[in-house]
Engineer: 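Got a structure for you, written out below as structure tokens; questions coming shortly.
Excluded from the calculations below are hydrogen atoms, water molecules and symmetry mates; all remaining heavy atoms, backbone and side chain alike, are included.
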Amino acid sequence: RTRKRDLLVWHFIGILPFLFVIALLTAFAGRLGDTVLRWGVLLCYAGHMCGIGVNMGVWTDWIAHLFPVRVRGRVIGVTWFFAALAGMGAAILAGRLLTLHPGTAIYALLYLAAGTIATVSILVFTLISDHAVRDQTPETRLRVRDMARHAFDSLRSVNFRAFILGRIIATAGFCIVPFITLYYLSPAGGGIAKGSVVAFAAAMSVGLAVGHLAAGVIGDHHGHRAGLLIAVAMQIVTLVILLSSRGPASCIAAYFACGCVMGMAAIAHSNILFETCPHESRVTHITAGNIIIGSAIAVMPLLAGKLAQMTSVRVLFVVSLALSVAAFVWFLVFVREPRTYLQGT
């Protein structure tokens, strides 16, 4: 009954402070030295992501609890659509500021703005009236033993295991987002100026918005497996763009397609997690899926960086394309739509 309050409090304890600490680190970058600055920012980012990880299962379960299945995809898709449009404006502004103010000082302002905006946005959630909780009986607090039992129950589902493995393969094939910037900054990608690349990255927010909206509508009408298949298909398109073109137009197209992938995958992934739960503890089911996928893919960006360093970014894109094709085939053949699978049809 106090879940919403606890979720909001956790943001102020375990997530938001790291943004303000990074702002301080970058503000005093000249006094700290490169090594302290680099490790300070990395550790703060790790802490920020850990805080999100602690919060994620309960947060997404709460969102799922607020809306019925028949409209959940569209509701989440529409809200994330507008959030992504706001992100587009922010990306354009950030690119302009980076162009006008070279050096690290501008990052202090950007992180301060990020922390402030995030704080205001979380406070808006205090206005949400959770009517559904009034009809619920108080839940017994889950113990570790109970969570382990429910997690094993989840993993007994063949379809859930197939979904997890498919997501791992697909994510392994798309650990290339940071390398998009590196590619277009390099002569091979057209040698585009840093500020221009950041501004062009606003196209990713447009794609993200389109992906959120499309996945919500498609998922509610045809099942979220369809949205996941389209997301992986767009992943393949993104890599084909990167391997076959260069210059500003290519950069915008690649970022747009990348945004579509991330937008559609986020909506489809979340809703399939909600809908594949075979027992009453959905929060454990969500957590189990995210822990397995997160643990498996945690080292993949490091491996991607090592591969790019040993060979080239182009070789990394080719390997990623092969993994993306494999993921598409896997979802097509082995993963069934949860709404029909759980009904035994």
Engineer: Identify the heavy atoms of Asp220 and Val69 that sit nearest to each other, and give their distance.
Structural biologist: OD1-O, 3.7 Å
Engineer: Out of curiosity, His224 NE2 to Ile230 CD1, how far, rounded to the nearest 0.5 Å?
Structural biologist: 12.0 Å
Engineer: Hey, could you give me the OG1/CG distance between Thr284 and Asp153, rounded to the nearest 0.5 Å?
Structural biologist: 10.0 Å
Engineer: Where the side chain of Arg74 meets the backbone of Val217, is there a donor-acceptor pair that is under 3.5 Å apart?
Structural biologist: no
Engineer: Does Trp330 reach the main-chain N or O of Ala162 with its side chain, forming a donor-acceptor pair under 3.5 Å?
Structural biologist: yes
Engineer: For Phe317 and Tyr183, take the angle between the two ring planes, folded into 0 to 90°, and tell me which bin it lands in: parallel under 30, tilted 30 to 60, perpendicular over 60.
Structural biologist: perpendicular
Engineer: Hey, does Val71 have a side-chain heavy atom less than 4.5 Å from the side chain of Pro68?
Structural biologist: yes
Engineer: Say whether, by atom type as modelled, one donor and one acceptor occur between the side chain of Lys4 and the main chain of Ile128 under 3.5 angstrom.
Structural biologist: yes
Engineer: Is there a path of hydrophobic side-chain contacts, each under 4.5 Å between heavy atoms of I, L, V, M, F, W or Y residues, that connects Leu302 with Ile180?
Structural biologist: no
Engineer: For Tyr111, is the OH atom crowded, meaning more than 12 foreign heavy atoms sit under 6.0 Å from it?
Structural biologist: no
Engineer: Determine whether Cys277 and His279 make a side-chain contact, defined as any pair of heavy atoms from C-beta on separated by less than 4.5 Å.
Structural biologist: yes
Engineer: Enter the distance from Arg336:CZ to Asn159:CG here, rounded to the nearest 0.5 Å.
Structural biologist: 7.0 Å
Engineer: Hey, mind stepping through Trp80 and Leu208 against side chain to side chain contact (heavy atoms under 4.5 Å, CB included) and telling me if it holds?
Structural biologist: CA-CA 8 Å; Trp80 289 7; Leu208 196 66; over 6 Å; no
Engineer: Mind checking whether Val58 and Ile122 sit in one hydrophobic cluster, side chains of I, L, V, M, F, W, Y counted as touching below 4.5 Å?
Structural biologist: yes
Engineer: Grouping I, L, V, M, F, W and Y whenever their side-chain heavy atoms are under 4.5 Å apart, do Val319 and Val177 come out in a common cluster?
Structural biologist: yes
Engineer: Before we go on, tell me: are the rings of Phe82 and His212 under 6.0 Å apart, centre to centre?
Structural biologist: no
Engineer: So, Phe163 versus His269, ring centres under 6.0 angstrom or not?
Structural biologist: yes
Engineer: Please report the closest heavy-atom contact between His285 and Ser154, naming both atoms and the distance.
Structural biologist: ND1-OG, 2.8 Å
Engineer: Does any part of the side chain of Ser205, heavy atoms only, come nearer than 4.5 Å to the side chain of Leu85, both counted from C-beta?
Structural biologist: no
Engineer: Tell me whether Tyr184 contacts the main-chain N or O of Ile252 through its side chain, where contact means a donor paired with an acceptor under 3.5 Å.
Structural biologist: no
Engineer: Can you check whether Ile52's main-chain N or O pairs, donor with acceptor, with Trp10's side chain at less than 3.5 Å?
Structural biologist: no
Engineer: Within the distance-only criterion (no hydrogens, no angle test), does the side chain of Arg167 pair as donor or acceptor with the backbone N or O of Ala265 below 3.5 angstrom?
Structural biologist: no
Engineer: Mind checking the CG-CD1 spacing from Leu213 to Ile76? Nearest 0.5 Å is all I need.
Structural biologist: 13.0 Å
Engineer: So, His150 side chain and Ser281 main chain: donor-acceptor pair closer than 3.5 Å or not?
Structural biologist: no
Engineer: Cluster question for you: counting only ILVMFWY and a side-chain heavy-atom cut-off of under 4.5 Å, with indirect links fine, are Phe334 and Ile293 together?
Structural biologist: yes
Engineer: Please find the pair of heavy atoms, one from Tyr45 and one from Ile22, that lie closest to each other, and give the distance.
Structural biologist: N-CD1, 4.2 Å
Engineer: Mind jotting down which residue pairs meet the ring pair (Phe, Tyr, Trp, His ring centres under 6.0 Å) criterion with at least one end in residues 236-256? Sequence neighbours excluded, please.
Structural biologist: none
Engineer: For Ala64, is there any backbone N or O sitting under 3.5 Å from a side-chain donor or acceptor partner on Arg72?
Structural biologist: yes
Engineer: Would you say that Ile106 contacts Leu100 through its side chain, given a criterion of any heavy-atom pair below 4.5 Å between the two side chains?
Structural biologist: no
Engineer: Quick check: does any side chain N or O of Arg225 sit under 3.5 Å from a backbone N or O of Pro338, one acting as donor and the other as acceptor?
Structural biologist: no
Engineer: For ring-ring contact (aromatic ring centres under 6.0 Å, His included), just list the numbers for Trp59 and Phe125, CA-CA rounded to whole Å, side-chain angles, deciding distance to a tenth of an Å, and then say yes or no.
Structural biologist: CA-CA 12 Å; Trp59 179 270; Phe125 281 91; 4.9 Å; yes
Engineer: Do Thr311 and Leu316 make a side-chain contact, defined as non-hydrogen atoms from C-beta onward lying under 4.5 Å apart?
Structural biologist: no
Engineer: Check the hydrophobic clustering (I, L, V, M, F, W, Y; side-chain heavy atoms under 4.5 Å; chains of links allowed) and say if Met56 and Ile63 are grouped together.
Structural biologist: no
Engineer: Is the backbone N or O of Ser320 less than 3.5 Å from a side-chain atom of Ser324, with the two atoms forming a donor-acceptor pair by type?
Structural biologist: yes
Engineer: Any side-chain heavy atom of Ile241 within less than 4.5 Å of one from Ser250?
Structural biologist: yes
Engineer: Roughly how far apart are Ile13 CD1 and Asp6 CG, rounded to 0.5 Å?
Structural biologist: 9.5 Å
Engineer: Heavy atoms, side chains only, cut-off 4.5 Å: are Leu228 and Met264 in contact?
Structural biologist: no
Engineer: Going through the distances and angles, do Leu273 and Asn290 end up as a side chain to side chain contact (heavy atoms under 4.5 Å, CB included)?
Structural biologist: CA-CA 9 Å; Leu273 272 181; Asn290 284 340; 3.5 Å; yes
Engineer: Please step through side chain to side chain contact (heavy atoms under 4.5 Å, CB included) for the pair Val313 and Ser186, ending with a clear verdict.
Structural biologist: CA-CA 10 Å; Val313 172; Ser186 71; over 6 Å; no
Engineer: State, with a plain yes or no, whether a side-chain heavy atom of Leu98 is found less than 4.5 Å away from one of Tyr107.
Structural biologist: yes
Engineer: Closest approach of Gly216 and Ile267, non-hydrogen atoms and distance?
Structural biologist: N-CG2, 3.9 Å
Engineer: Any idea which heavy atoms bring Ile169 and Leu323 closest together, and the distance?
Structural biologist: CG2-O, 3.5 Å
Engineer: Dump the intermediate steps for side chain to side chain contact (heavy atoms under 4.5 Å, CB included) on Phe20 and Leu24, then the final yes or no.
Structural biologist: CA-CA 6 Å; Phe20 294 105; Leu24 284 173; 6.0 Å; no
Engineer: Please report the closest heavy-atom contact between Ile218 and Ala226, naming both atoms and the distance.
Structural biologist: CG2-CB, 3.9 Å
Engineer: If I take atom NZ from residue Lys194 and atom OG1 from residue Thr181, how far apart are they, to the nearest 0.5 angstrom?
Structural biologist: 11.0 Å
